[in-house]
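Just below is one structure, and these are the notes that go with it.
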Amino acid sequence: MRTETVEPMINAMSIDVEDYYHVSVFDGIVPRVRWDQMESRVVANTTRLLDLFDEFNVRSTWFVLGWVCERHPELVAAIARRGHEVASHGYAHRLIYDQTPKAFRDDVRRAKQLLEDAAGHRVCGYRAPSYSITPRSLWALDILLEEGYTYDSSIFPIRHDRYGIPVSERQAYPLARTSGTLVEVPGSTTTIAGVNLPIGGGGYFRILPYWWTRWGIARLNNEERRPAVFYLHPWEIDPEQPRLKVGLLSSFRHYRNLESTEARLRQLLRDFRFDTVNALVEQCRRNYSPDRVAALPLPYCW
Ligand SMILES: [Zn+2]
């Protein structure tokens, strides 16, 4: 009797490389002119994550802030040298819908140049600060294409107070725009009673119990046969980071369970297999023939 072996699903692992004070909720508390005066912890935290991924032999994608790359090009070079993909988190961590198209173009162009110079390879992926491509900032996708980016990971198919397009696709897909077609790589969700709920990292990974993430990714992999896209920030494994004064909700979202996140990440790396986001993008391109892409409806024309 022939037994079929099912290959384990390869998920995408990604890290948004920024320091604790770059996070959008601290915008009004640590203005950009003060960034250089803050205690910097991004190199140490990123290096700890690099060592962890070495230990588990995992390749991943690092969406690095251009501002961080400008000050620590050797960190970006090390990410690339250690076999990972360097991608862009923009330059100054400004929410897209708060910028003009011209300012956004300057921001992503500057970041791409800095990152490519430091990494020594082409940068083709972008992730917006706080997933800020929403119905009012879809124009950003055309600018990304014009600036040479070929995939984006900024549209979260959920309802959230700062971001999200709940009706958008839940898996990587080609997104046709007037400037061309890019691959959109949404953060992962599971659907319960018709509502998309996040299972792929960040605050949801830290704050909710670990079984939620493990159950959600397993459900996505085994029932839907889709890979997950996981994301985390270097500051999320750093319980020693200086505490900044914010409101109760923001404080809970940022500081909750920092001391246990590294151990959770180790468990996640034991439980699932991961590769770069670009590997998932290539897989998506193989699944969609040009004819199929041409026949796709334009989902975001409103
Ligand atoms: Zn960010």
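Sequential numbering from 1 along the given sequence is applied to the chain's residues. From a predicted model like this one, the values you see are computed outputs, not experimental measurements.
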- Criterion side chain to side chain contact (heavy atoms under 4.5 Å, CB included) on N11 and M9, from CA distance to verdict: CA-CA 6 Å; N11 302 291; M9 190 68 72; 4.2 Å; yes

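- Across all non-hydrogen atoms, the minimal contact from I133 to A140 is CD1-CB, 4.1 Å.
- Put simply, V108 and L175 are part of the same group of oily side chains (I, L, V, M, F, W, Y) that touch within less than 4.5 Å, one to the next.
- Remark: E240 does not engage R41 in a salt bridge, criterion side-chain N to carboxylate O under 4.0 Å.
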- Could you please spell out the steps behind the side chain to side chain contact (heavy atoms under 4.5 Å, CB included) verdict for L49 and L265? CA-CA 10 Å; L49 284 173; L265 184 58; 3.5 Å; yes

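- At least one donor-acceptor pair under 3.5 Å links the side chain of R206 to the backbone N or O of R253.
- Looking at L144 and E146, their side chains never come closer than 4.5 Å, going by heavy atoms from C-beta outward.
- No side-chain heavy atom of Y149 sits less than 4.5 Å from a side-chain heavy atom of L182.
- By the ring pair (Phe, Tyr, Trp, His ring centres under 6.0 Å) test, H254 pairs with F26, W235, sequence neighbours left out.
- S188 places none of its side-chain heavy atoms less than 4.5 Å from the side chain of I217.
- Here the shortest heavy-atom pairing between P129 and L95 reads O-CD2, 3.7 Å.
- A distance of 10.0 Å separates OG in S60 from CG in L52, rounded to the nearest 0.5 Å.
- The cluster map of Ile, Leu, Val, Met, Phe, Trp and Tyr, joined by side-chain heavy atoms under 4.5 Å apart, puts F252 and V23 in different clusters.
- To the nearest 0.5 Å, atom CZ of residue R256 and atom CD of residue E236 are 14.0 Å apart.
- Under the ring pair (Phe, Tyr, Trp, His ring centres under 6.0 Å) criterion, Y131 pairs with F156, Y163, Y231, sequence neighbours left out.
- Under a hydrophobic-cluster definition in which Ile, Leu, Val, Met, Phe, Trp and Tyr are linked whenever side-chain heavy atoms come within less than 4.5 Å, directly or via other members, L268 and V229 are assigned to different clusters.
- R127 contributes no side-chain N or O that, together with a main-chain N or O of S14, makes up a donor-acceptor pair within less than 3.5 Å.
- Of all heavy-atom pairs between H84 and H121, the closest is O-NE2, 4.2 Å.
- Residues W62 and Y20 are members of one and the same hydrophobic cluster, defined by side-chain heavy-atom contacts under 4.5 angstrom among Ile, Leu, Val, Met, Phe, Trp and Tyr.
- Atom CG of L115 and atom OG of S88 lie 5.5 Å apart (nearest 0.5 Å).
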- Message: Walk me through whether Q267 and R270 qualify under side chain to side chain donor-acceptor pair (under 3.5 Å).
- Response: CA-CA 5 Å; Q267 190 58 50; R270 276 191 287 269; 3.2 Å; yes

Please output the side-chain donor-acceptor pairs of residues 73-83 that fall under 3.5 Å, not counting sequence neighbours, one pair per line with the distance.
| unit_1 | atom_1 | unit_2 | atom_2 | d |
| --- | --- | --- | --- | --- |
| R82 | NE | D54 | OD2 | 3.4 |
| R82 | NH2 | D51 | OD1 | 2.6 |
| R82 | NH2 | D54 | OD2 | 2.9 |

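- Under the 4.5 Å side-chain criterion, counting only non-hydrogen atoms from C-beta, F56 is in contact with R266.
- Under 3.5 Å, the side chains of D152 and S154 contain a donor-acceptor pair of N or O atoms.
- Through direct or indirect side-chain contacts shorter than 4.5 Å among Ile, Leu, Val, Met, Phe, Trp and Tyr, L249 is connected to no other residue.
- Separation of atoms CD1 (I158) and OG1 (T189) is listed at 8.5 Å; rounding is to 0.5 Å.
- Put simply, the side chain of L114 reaches to within 4.5 Å of the side chain of R110, judged on heavy atoms.
- When all heavy atoms of L280 and A172 are compared, the closest pair comes out as CD2-CB, 3.4 Å.
- Side chains of I165 and P135 form a contact here, defined as non-hydrogen atoms less than 4.5 Å apart.
- In this structure, V42 and V17 have side chains that are in contact, with non-hydrogen atoms separated by less than 4.5 Å.
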- Item | Residue pair Q113, D117: steps toward the side chain to side chain donor-acceptor pair (under 3.5 Å) verdict | CA-CA 6 Å; Q113 190 65 60; D117 287 350; 3.3 Å; yes

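- Grouping the Ile, Leu, Val, Met, Phe, Trp and Tyr side chains by contacts below 4.5 angstrom, directly or via other members, places I155 with W139.
- Across S168, P166, P157, P186, a single residue satisfies side chain to side chain contact (heavy atoms under 4.5 Å, CB included) together with N196, and that is P157.
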- Task: Report the C-alpha distance between K245 and I29 in whole Å, list the side-chain angles of each, state the deciding distance to 0.1 Å, and finish with yes or no for side chain to side chain contact (heavy atoms under 4.5 Å, CB included).
- Result: CA-CA 8 Å; K245 278 201 171 58; I29 292 155; 5.8 Å; no

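- Side-chain N or O atoms of T276 include none that pairs as donor or acceptor with a backbone N or O of E85 at under 3.5 Å.
- Counting only residues at least two apart or in different chains, ring-ring contact (aromatic ring centres under 6.0 Å, His included) contacts with residues 175-210 comprise F205-F230.
- Contact check on R94 versus D107 returns no salt bridge, with no Lys/Arg side-chain nitrogen under 4.0 Å from an Asp/Glu carboxylate oxygen.
- The two residues R170 and T190 have their closest heavy-atom pair at NH2-CA, 3.8 Å.
- For H89, the ring pair (Phe, Tyr, Trp, His ring centres under 6.0 Å) test picks out H93, with sequence neighbours left out.
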- Task: Start with the C-alpha gap between Q171 and E224, add the side-chain angles, then the distance that decides, and say whether side chain to side chain contact (heavy atoms under 4.5 Å, CB included) holds.
- Result: CA-CA 10 Å; Q171 60 178 326; E224 298 190 49; over 6 Å; no

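- In this structure, the separation between CG on L65 and CD on E18 is 6.5 Å, given to the nearest 0.5 Å.
- When all heavy atoms of I96 and S137 are compared, the pair lying nearest together is CG2-CB, 3.7 Å.
- More than 12 heavy atoms of other residues, nucleotides or ligands lie within 6.0 Å of CD1 in I192, so this atom counts as buried by the packing criterion.
- Side-chain N or O atoms of D142 include one that pairs as donor or acceptor with a backbone N or O of S179 at under 3.5 Å.
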- Task: Decide yes or no on side chain to side chain donor-acceptor pair (under 3.5 Å) for T61 and N278, but give the supporting numbers first.
- Result: CA-CA 8 Å; T61 295; N278 201 38; over 6 Å; no

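- Of the charged side-chain nitrogens involved, none lies within less than 4.0 Å of a carboxylate oxygen, so that K112 and E147 do not count as a salt-bridged pair.
- Taking the side chain as every heavy atom from C-beta outward, D36 and W67 approach each other to under 4.5 Å.
- Taking CG from D275 and CD from Q283, the interatomic distance works out to 9.5 Å, rounded to the nearest 0.5 Å.
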